[in-house]
Peer 1: 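To start, I am sharing the structure in question, which I have written as structure tokens.
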Amino acid sequence: MENKSLNFERKRLNAILKTIKHKVQKLTGYASGLKEGIVDLRKNFWEDVTVNVDEPDDIVETQASLRQQAELLSERERSHGQIHRGLKTLARLEDSPYFGRIDFIESGEKEAESIYIGIASLMDEKDEEFLIYDWRAPISSMYYDYTPGPASYKAMDGEITGEITLKRQFIIKQSKLEGMFDTGVTIGDALLQHVLGNNTDTQMKSIVATIQKEQNKIIRNTSSKFLIVQGAAGSGKTSAALQRVAFLLYHYRKTLGSENILLFSPNPIFNSYISTVLPELGEENMLQTTLKDYVEDRLDSELRLEDPFSQMEMYLTPEDHTNYETDVEGIRYKATLNFKALIKQYVKSLSTHGLIFDDITFRNRVIISKEDIAVVFYSMDQSIPISNRMAMLTESLLEKVSRIALKERKEDWVLEEGELLDKEDLLNVYKKLQRNKRFTDDTFDDYDREEGMIRKVVIRKHFTPIRKQVKKMTFIDIPAIYRQLFEYSKDASFDHIHLPSRWSSICDETIRQLDDGQCSWADAVPFLYLKDCLLGRKPNMSIKHILIDEAQDYSPFQFDYIKRAFPNCNMTILGDLSQAIYAHTFHEDTLLSNHHYSQDAFEKVTLLKSYRSTENIMAFTRPIIPEGKSIEPFNRQGNKPLVIKVDDSADRYDGILSKMNQLQNEKKETIALICKTMKESRQAYDHLKGKLPIQLMDKETYTFKKGFIIIPVYLAKGIEFDAVIIHDASLEHYHHETERNLFYTACTRAMHNLILFSGGQVTPFIENVPDTVYDMVDYRKEKESK
């Protein structure tokens with residue numbers, strides 16, 4: 001029976017491959033003909049257009065002819081683009097046409113239909129029958145959600161019920177059937193073992209062949225405005241979210257495009273890591289940014305922005321900072337909605353007094369003083385919101401600038417500067433003069449007309465930048481107004497606003513930074529919130545769906561700001577409380593907490609099964625965190641984690657070099673030396689460079705290659721490696737309770753091998769780890785014994 005089934009599947013695969021080749025040949029022929037037609041259309045575009053502008057009727061005819069020719073060209077180019085996309089899809093199908101099959105008997109029918117599932121649909125030669133169903137099609141959902149037995153799926157005309165009589169999984173690579181499994185579970189362990197047992201890559205891969213039932217629930221959710229996914233490390237939450245994007249683009253293909261979806265990712269490396277997933281599924285990549293890049297774009301160079309990783313370095317090195325406790329308390333307070341409420345009360349007070357304006361200057365002299373601007377603003381009806389009054393003020397200032405420009409045009413300096421105009425500006429003046437001459441009395445003095453036009457050109461050059469600055473409301477000194485908040489709040493009282501114990505010191509440090517032209521990462525979103533309250537801001541209506549990865553690292557204030565900036569969005573919010581590592585993160589108040597959402601607008605999914613690490617590594621990492629007991633490891637065996645105690649720096653790097661070479665000999669392709677901080681990473685790199693082809697990854701790194709890398713743990717979030725070496729797992733290095741999640745995050749990056757070096761006593765974070773699940777050796781003794 002097994003041989004008969006295998007022979008049948010091989011014959012069918014060969015037949016499918018022939019169909020694909022025929023379709024490729026046919027589409028290639030169409031594409032070639034279309035391309036030639038497009039080239040000819042472009043070459044002869046004007047020859048085929050009737051151009052006549054002598055009479056009004058002729059102009060209308062010319063416009064119609066132009067429009068007709070442009071539409072024909074556009075239609076041909078669209079068709080060519082569709083064929084090109086079709087060829088790319090067929091190329092992907094040729095390598096691996098499908099990965100699953102279910103035989104389904106619909107209720108009321110006598111025979112089962114064999115449904116083959118792949119990354120895209122494929123019709124037969126006559127385009128009448130499906131040979132392969134797209135994994136996102138409604139009927140395909142049964143493959144992920146049901147075992148053999150009763151099953152159903154939702155179709156356009158209602159729910160279809162029936163029975164699955166066979167569930168089969170395939171491993172097809174380079175057009176060859178390498179493996180086949182009949183299974184009674186959702187996705188058979190044999191297929192997962194095959195996939196997870198391979199080396200990892202420098203880029204995330206699609207998981208459509210191994211989507212689990214709980215992941216499928218995330219992918220196909222279309223009802224929740226906010227979908228929150230709390231997932232253990234390695235549970236596939238990011239992978240499922242990316243497949244979700246592909247599903248949404250398929251499900252809403254008439255109204256949703258990749259340009260309408262935005263991903264907030266933890267760092268640029270992660271953007272590179274996931275960049276191939278959607279193209280692998282035949283979709284364009286969505287928009288991707290980090291919160292830091294998004295904020296920086298909105299700051300308009302008003303202040304120098306500290307990046308979140310610099311803040312992280314400060315948080316992890318208390319010994320290097322004299323005001324550490326004050327800084328950390330400030331970071332935590334500025335992350336809260338309580339601080340937002342304080343700013344809101346401050347803005348309310350600015351409605352009647354306290355706004356700070358800048359002079360508008362021209363040629364080193366004040367043309368509209370900041371005092372006059374304040375008088376105009378505060379003379380307006382105070383019941384009108386500040387942002388609306390700012391818009392009215394802007395219009396008033398623009399009118400005043402225009403009057404000043406008109407008056408300035410008569411000054412002598414204007415004509416003197418006109419003599420220095422470049423040739424292009426002068427040529428434009430003379431051309432305009434000639435055009436106007438046709439419609440005016442020839443007796444008009446050309447010299448006067450020329451002088452007037454030159455004066456206009458000079459004044460326009462000088463006043464256009466001033467008008468632009470007024471429109472951008474740069475006459476409002478936002479940094480000074482934000483600074484004033486801290487001067488004001490040191491002594492003032494606020495209604496129902498709690499202030500931290502070190503608030504006065506926090507204010508002094510914030511003022512010092514602002515006076516130096518710096519904006520700390522903790523102040524970035526509060527600063528933008530204040531700016532929006534004063535200037536107003538149009539929300540982004542083009543983005544319809546947002547994904548936030550590593551959501552546990554976002555503060556309540558940051559999330560509130562994102563929601564206001566994208567009010568029409570649905571959101572997929574992914575995170576793991578056990579990997580919250582930033583100073584402002586609190587277990588009781590993260591984006592994963594239910595109270596940030598109205599009860600009828602969100603759904604929460606928890607992923608407890610971890611697929612990344614071997615069961616041996618999971619036995620080591622689960623006891624590190626309190627929530628570890630609830631995490632379910634996948635049954636994949638490997639080597640026990642290894643803890644190596646070293647006496648000094650020489651032994652550490654000798655041991656690291658030895659282990660890296662050993663791992664390379666074992667064909668491990670991505671090997672990461674994970675350090676606690678960037679400072680530690682650079683020290684390790686200085687010791688190892690020249691001895692290994694090793695890459696140091698920092699906040700400026702956008703991609704990484706296979707081989708050896710050194711990376712701080714906070715940049716490794718979301719990424720996995722074949723093998724991980726922890727640079728220093730000692731008590732001295734990891735002892736604060738706030739560092740527990742950081743240590744756990746570092747260890748859970750490993751797929752197959754985990755090795756920890758410790759200078760002296762090992763971190764107490766592994767004191768609950770049974771000593772039977774890992775090996776511990778003394779490097780010096782082991783070396784001497786050899």
Peer 1: Measuring from Ile710:CD1 to Leu688:CG, what's the distance to the nearest 0.5 Å?
Peer 2: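 It is 5.0 Å, given to the nearest 0.5 Å.
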Peer 1: Calculate, to the nearest 0.5 Å, the distance between atoms CD1 and SG belonging to Ile617 and Cys747 respectively.
Peer 2: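 Atom-to-atom, Ile617:CD1 and Cys747:SG are 9.5 Å apart.
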Peer 1: Donor-acceptor pair, Glu680 side chain versus Lys676 backbone, under 3.5 Å?
Peer 2: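 At least one qualifying donor-acceptor pair exists.
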Peer 1: Suppose we screen for salt bridge (Lys or Arg N to Asp or Glu O under 4.0 Å). Which residues come up paired with Asp516, at least two apart in sequence or across chains?
Peer 2: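 If we apply the salt bridge (Lys or Arg N to Asp or Glu O under 4.0 Å) test to Asp516, skipping adjacent residues, the hits are Arg304.
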Peer 1: Holding to side chain to side chain donor-acceptor pair (under 3.5 Å), I want the full list of residues that pass it with Arg483, two or more places apart in sequence or in another chain.
Peer 2: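 Only Glu487, Asp515 meet the side chain to side chain donor-acceptor pair (under 3.5 Å) criterion with Arg483.
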Peer 1: May I have all residue pairs that pass salt bridge (Lys or Arg N to Asp or Glu O under 4.0 Å) and include part of residues 517-528, sequence neighbours excluded?
Peer 2: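 For residues 517-528: Lys334-Asp523.
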Peer 1: After noting the C-alpha distance and the side-chain angles of Ile331 and Ser520, does the key distance pass the side chain to side chain contact (heavy atoms under 4.5 Å, CB included) rule?
Peer 2: CA-CA 9 Å; Ile331 289 167; Ser520 75; over 6 Å; no
Peer 1: With sequence neighbours left out, write down each residue that passes side chain to side chain contact (heavy atoms under 4.5 Å, CB included) with Pro633, or none if nothing qualifies.
Peer 2: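 By the side chain to side chain contact (heavy atoms under 4.5 Å, CB included) rule, Pro633 matches Glu615, Met618, Arg622.
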Peer 1: If a pair satisfies ring pair (Phe, Tyr, Trp, His ring centres under 6.0 Å) and one of its residues is in residues 655-677, list it, with sequence neighbours excluded.
Peer 2: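 Output for this query is empty, none listed.
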Peer 1: So, using salt bridge (Lys or Arg N to Asp or Glu O under 4.0 Å) as the criterion, who are the partners of Lys717 when residues are at least two apart?
Peer 2: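 Here the qualifying residues are Glu550, Asp553.
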Peer 1: Does the side chain to side chain contact (heavy atoms under 4.5 Å, CB included) test come out yes or no for Ile694 and Met660, once each step is laid out?
Peer 2: CA-CA 10 Å; Ile694 201 155; Met660 282 188 161; 4.0 Å; yes
Peer 1: Of all the heavy-atom pairs spanning Gly718 and Phe270, show the shortest one and how long it is.
Peer 2: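 Scanning both residues completely, I find the closest heavy atoms to be O-CE1, 3.8 Å.
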Peer 1: Tyr779 and side chain to side chain donor-acceptor pair (under 3.5 Å): which partner among Asp647, Asp648, Asp654, Asp651?
Peer 2: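 With Tyr779 as partner, side chain to side chain donor-acceptor pair (under 3.5 Å) holds for just one option, Asp654.
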Peer 1: Is there side-chain contact between Met312 and Ile581, with heavy atoms separated by less than 4.5 Å?
Peer 2: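 They are in side-chain contact.
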Peer 1: Counting only N and O atoms by type, is there a donor-acceptor contact under 3.5 Å from the side chain of Ser610 to the main-chain atoms of Ala233?
Peer 2: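 Yes, because the side chain of Ser610 sits within donor-acceptor range (under 3.5 Å) of the backbone of Ala233.
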Peer 1: First locate atom CG of Leu291, then atom OG of Ser555, and finally report the distance between them rounded to the nearest 0.5 Å.
Peer 2: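 Output value for this atom pair is 8.0 Å.
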Peer 1: Grab the two heavy atoms, one from Leu608 and one from Ala232, that are nearest each other, plus how far apart they are.
Peer 2: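 For Leu608 versus Ala232, the nearest heavy atoms are O-CB, 4.3 Å.
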Peer 1: With under 30° as parallel and over 60° as perpendicular, where do the rings of Tyr582 and His584 fit, or are they tilted in between?
Peer 2: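 Parallel: the ring planes of Tyr582 and His584 meet at under 30°.
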Peer 1: Using the ring-ring contact (aromatic ring centres under 6.0 Å, His included) rule, pick out the option among Phe557, Tyr482, Phe486 that qualifies with Phe527.
Peer 2: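 Only one option passes, and that is Tyr482.
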Peer 1: Among Thr290, Asn267, Asp307, which residue meets the side chain to side chain donor-acceptor pair (under 3.5 Å) test with Lys699?
Peer 2: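 Checked Thr290, Asn267, Asp307 against Lys699; only one passes side chain to side chain donor-acceptor pair (under 3.5 Å): Asp307.
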Peer 1: Do Arg749 side-chain atoms and Thr745 backbone N/O form a donor-acceptor pair below 3.5 Å?
Peer 2: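 Judged by distance alone, yes, a pair lies under 3.5 Å.
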Peer 1: Taking the six-membered ring for Trp, is the centroid-to-centroid distance between Tyr529 and Tyr561 below 6.0 Å?
Peer 2: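 No: the rings miss the under 6.0 Å criterion.
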Peer 1: Calculate, to the nearest 0.5 Å, the distance between atoms CG and OH belonging to Leu299 and Tyr294 respectively.
Peer 2: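 Going from the CG atom of Leu299 to the OH atom of Tyr294 covers 11.5 Å.
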Peer 1: Is the closest side-chain heavy-atom distance between Phe721 and Lys668 below 4.5 Å?
Peer 2: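 The answer is no, as the side chains (C-beta and beyond) never meet within the 4.5 Å cut-off.
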Peer 1: Taking C-beta and beyond as the side chain, do Tyr333 and Asn338 meet within less than 4.5 Å on heavy atoms?
Peer 2: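 SC-SC contact between Tyr333 and Asn338 confirmed.
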Peer 1: Residues two or more places apart in sequence or in another chain: which of them pass side chain to side chain donor-acceptor pair (under 3.5 Å) with Lys217?
Peer 2: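 Scan of Lys217 (side chain to side chain donor-acceptor pair (under 3.5 Å), adjacent residues dropped) gives none.
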Peer 1: Flag the pair Val724 / Thr748 as yes when at least one side-chain heavy-atom distance between them is below 4.5 Å, and no otherwise.
Peer 2: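 With C-beta onward as the side chain, the pair stays apart.
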Peer 1: Identify the heavy atoms of Thr210 and Gln215 that sit nearest to each other, and give their distance.
Peer 2: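 So the minimum-distance heavy-atom pair works out to O-OE1, 4.0 Å.
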Peer 1: Strictly by salt bridge (Lys or Arg N to Asp or Glu O under 4.0 Å), give each pair with a member in residues 721-736 just once, sequence neighbours left out.
Peer 2: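 Only Arg652-Asp728 qualify under salt bridge (Lys or Arg N to Asp or Glu O under 4.0 Å).
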Peer 1: Could you list all the ring pair (Phe, Tyr, Trp, His ring centres under 6.0 Å) pairs where at least one residue sits in residues 647-674, not counting sequence neighbours?
Peer 2: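 Every pair satisfying ring pair (Phe, Tyr, Trp, His ring centres under 6.0 Å) with a residue in residues 647-674: Tyr653-His687, Tyr653-His727.
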Peer 1: Which atoms form the tightest heavy-atom contact between Ser613 and Arg636, and what is the distance?
Peer 2: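 Ser613 and Arg636 have their closest heavy atoms at C-NH2, 3.6 Å.
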Peer 1: Tell me, please, which residues at least two apart from Glu214 pass salt bridge (Lys or Arg N to Asp or Glu O under 4.0 Å).
Peer 2: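 Checked Glu214 against salt bridge (Lys or Arg N to Asp or Glu O under 4.0 Å); zero matches.
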Peer 1: What are the two closest heavy atoms between Ser265 and Tyr554, and how far apart are they?
Peer 2: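 Heavy-atom minimum between the residues: O-OH, 4.3 Å.
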Peer 1: If every non-hydrogen atom of Val229 is compared with every non-hydrogen atom of Lys237, which pair is closest and at what distance?
Peer 2: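 So the two residues come closest at CG1-CB, 3.9 Å.
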Peer 1: Quick check: does any side chain N or O of Glu329 sit under 3.5 Å from a backbone N or O of Ile506, one acting as donor and the other as acceptor?
Peer 2: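 No: the side chain of Glu329 does not pair with the backbone of Ile506.
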Peer 1: With a 3.5 Å distance limit and no angle check, can you tell me whether Glu739 reaches the backbone of His735 through a side-chain donor-acceptor pair?
Peer 2: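 Yes.
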Peer 1: So how far is it from Leu756 CG to Phe620 CZ, rounded to the nearest 0.5 Å?
Peer 2: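 With rounding to 0.5 Å, CG (Leu756) is 4.5 Å from CZ (Phe620).
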Peer 1: Applying side chain to side chain contact (heavy atoms under 4.5 Å, CB included) to Ile725 and Phe757, what does each step give before you reach the verdict?
Peer 2: CA-CA 7 Å; Ile725 300 174; Phe757 282 85; 3.7 Å; yes
Peer 1: Apply side-chain hydrogen bond (donor to acceptor under 3.5 Å, both in side chains) to residues Trp521 and Ser310 and explain how you reach the verdict.
Peer 2: CA-CA 9 Å; Trp521 180 242; Ser310 297; over 6 Å; no
Peer 1: Between the side chain of Gln552 and the main-chain N/O of Asp576, is any donor-acceptor distance below 3.5 Å?
Peer 2: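 Pair found, side chain donor or acceptor close to backbone of Asp576.
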Peer 1: Where the side chain of Thr317 meets the backbone of Glu319, is there a donor-acceptor pair that is under 3.5 Å apart?
Peer 2: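 Side chain of Thr317 to backbone of Glu319, a donor-acceptor pair under 3.5 Å: no, none is there.
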Peer 1: Is there a donor-acceptor pair closer than 3.5 Å between any side-chain N or O of Asn323 and the backbone N or O of Thr326?
Peer 2: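 Looks like no, no N/O pair under 3.5 Å.
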Peer 1: Start with the C-alpha gap between Tyr744 and Glu627, add the side-chain angles, then the distance that decides, and say whether side chain to side chain contact (heavy atoms under 4.5 Å, CB included) holds.
Peer 2: CA-CA 11 Å; Tyr744 171 76; Glu627 304 83 7; over 6 Å; no
Peer 1: State, yes or no, whether a side-chain contact exists between Lys609 and Gln212 at a heavy-atom distance under 4.5 Å.
Peer 2: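 In short, these two side chains do not touch, never coming nearer than 4.5 Å.
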Peer 1: Residues in salt bridge (Lys or Arg N to Asp or Glu O under 4.0 Å) with Glu313, at least two apart?
Peer 2: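 Expected list: none.
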Peer 1: Stepwise, does the salt bridge (charged side-chain N to carboxylate O under 4.0 Å, His left out) test hold for Arg740 with Glu737?
Peer 2: CA-CA 5 Å; Arg740 182 181 292 275; Glu737 189 57 32; 2.6 Å; yes
Peer 1: Backbone N or O of Pro556 within a donor-acceptor pair of the Asp560 side chain at under 3.5 Å?
Peer 2: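 No.
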Peer 1: With no hydrogens and no angle check, is any side-chain donor or acceptor of Asn616 less than 3.5 Å from a backbone partner on Gly638?
Peer 2: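 Pair found, side chain donor or acceptor close to backbone of Gly638.
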Peer 1: Can you give me every donor-acceptor pair (side chain of residues 762-775, partner residue at least two apart or in another chain, under 3.5 Å) with its distance?
Peer 2:
residue: Thr763; atom: OG1; partner: Tyr734; partner atom: O; Å: 2.8
residue: Thr763; atom: OG1; partner: Phe765; partner atom: N; Å: 3.2

